[in-house]
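Written out below as structure tokens is the structure these notes cover.
In this chain, residues are counted from 1 in sequence order.
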Amino acid sequence: MNVSLLVVLAIVVVGTIAVISYLMDKKRRERLMQYALMRGWTYAAEDDSLVGRWQGEPFGRGDHERAKNVLTGSESGRRFTAFDYSYQTHSTDSKGNRSTTTHHWTVCAVPMPGWLGVVQVVPESVFDRMAGAVGLMQDIDLESEDFNRRYRVTAGSPKLASDLLPPRTMEYLLTVDIGGWRTCGGDIVGFREGRLDPLELVKTAAVLGRVLDGVPAFVWKDAGAPGTEYSPGP
């Protein structure tokens, strides 16, 4: 087989893969738009402003960051913003060949009643693959040994971590799986590897809401949000 034929075959294969990928992405976008319409959410193909809004995993790594398939709306009585987040990393082998890897994450952010310091809760298996914590963080051991074995809790303030994770909240989190989450300023942000799935989004928004429900009223008062009733808006 001559070189010219090999080049033609390679072009055909690459083109076929590109077409198949495009059609699959198109079908997925249509499914997300239909689901959003059914739930009363809004859909946007892309929103660059979301790329640099939060710190910590999975943000701030690699290049060509994109926030696509953005869904916004209300779930379990709270506003949320969820989207496909991706970035690229590059490597070079011993022969000088450069390869690019695209990393895919799902992000779901729910606004909080007030601004808090950073508390991060991530399954142990995921933490080992992460780049690191945000800012001056330290590992926190809480009262539940079962929780400590399953999750890695890091925070700038051990007291804040303890306040955000009372026993009832820890017991609840042991029964669910939504990946990791972090308080970031005025939002609580859930994140996990993979692409956005609307059914998982519903669950993630509900779990993040339950975490907020369990936060004592004095925490919000200290954060400048007097009162105990959380009203996230329409």
- Item | Glu57 and Arg182 ion-paired at < 4.0 Å | no
- Item | Student check: side-chain heavy atoms of Val189 and Thr183 closer than 4.5 Å | no
- For the pair Arg192 and Asp197, find out whether any cationic side-chain nitrogen is under 4.0 Å from an anionic carboxylate oxygen. no
- Item | Arg78/Asp213 under salt bridge (charged side-chain N to carboxylate O under 4.0 Å, His left out): CA gap, chis, key distance, verdict | CA-CA 11 Å; Arg78 292 178 172 81; Asp213 286 341; 2.3 Å; yes
- Item | Residue pairs passing the side chain to side chain donor-acceptor pair (under 3.5 Å) test where at least one lies in residues 163-172, sequence neighbours excluded | Lys159-Asp163
- Message: Ignoring hydrogens and geometry beyond distance, is a side-chain donor-acceptor pair present between Ser144 and Asp146 at under 3.5 Å?
- Response: no
- Note on the structure: The residue among Val70, Val107, Asp84 that forms side chain to side chain contact (heavy atoms under 4.5 Å, CB included) with Leu196 is Asp84
- Proximity of Phe59 and Tyr87 rings by center, below 6.0 Å: no
- Task: Decide whether Thr72 and Thr81 meet the rule of one side-chain donor and one side-chain acceptor closer than 3.5 Å.
- Result: no
- Query: So Trp54 and Phe83, would you call those rings parallel, tilted or perpendicular, with 30° and 60° as cut-offs?
  - Reply: parallel
- Given salt bridge (charged side-chain N to carboxylate O under 4.0 Å, His left out), test Glu124 with Arg149 step by step and report yes or no. CA-CA 8 Å; Glu124 282 283 358; Arg149 281 191 293 268; over 6 Å; no
- Pairwise distance CH2(Trp220) to CH2(Trp115) - rounded to 0.5 angstrom: 12.5 Å
- Who pairs with Ala36 by side chain to side chain contact (heavy atoms under 4.5 Å, CB included), at least two apart in sequence or on another chain? Trp41, Tyr43, Leu71
- Message: For the CD atom of Gln88 and the CZ atom of Arg66, what is their distance to the nearest 0.5 Å?
- Response: 9.0 Å
- Item | Charged N-O contact under 4.0 Å between Arg53 and Asp47 | no
- Query: Does one side chain, of His104 or Ser86, offer a donor that lies under 3.5 Å from an acceptor on the other?
  - Reply: no
- Item | Donor on one side chain, acceptor on other, His103 and Thr89, under 3.5 Å | yes
- side chain to side chain contact (heavy atoms under 4.5 Å, CB included) with Phe80: of Val202, Leu201, Ile188, Asp187, only one passes, and it is Leu201
- Query: With the threshold set at 4.0 Å, does a side-chain nitrogen-carboxylate oxygen contact exist between Arg61 and Glu65?
  - Reply: no
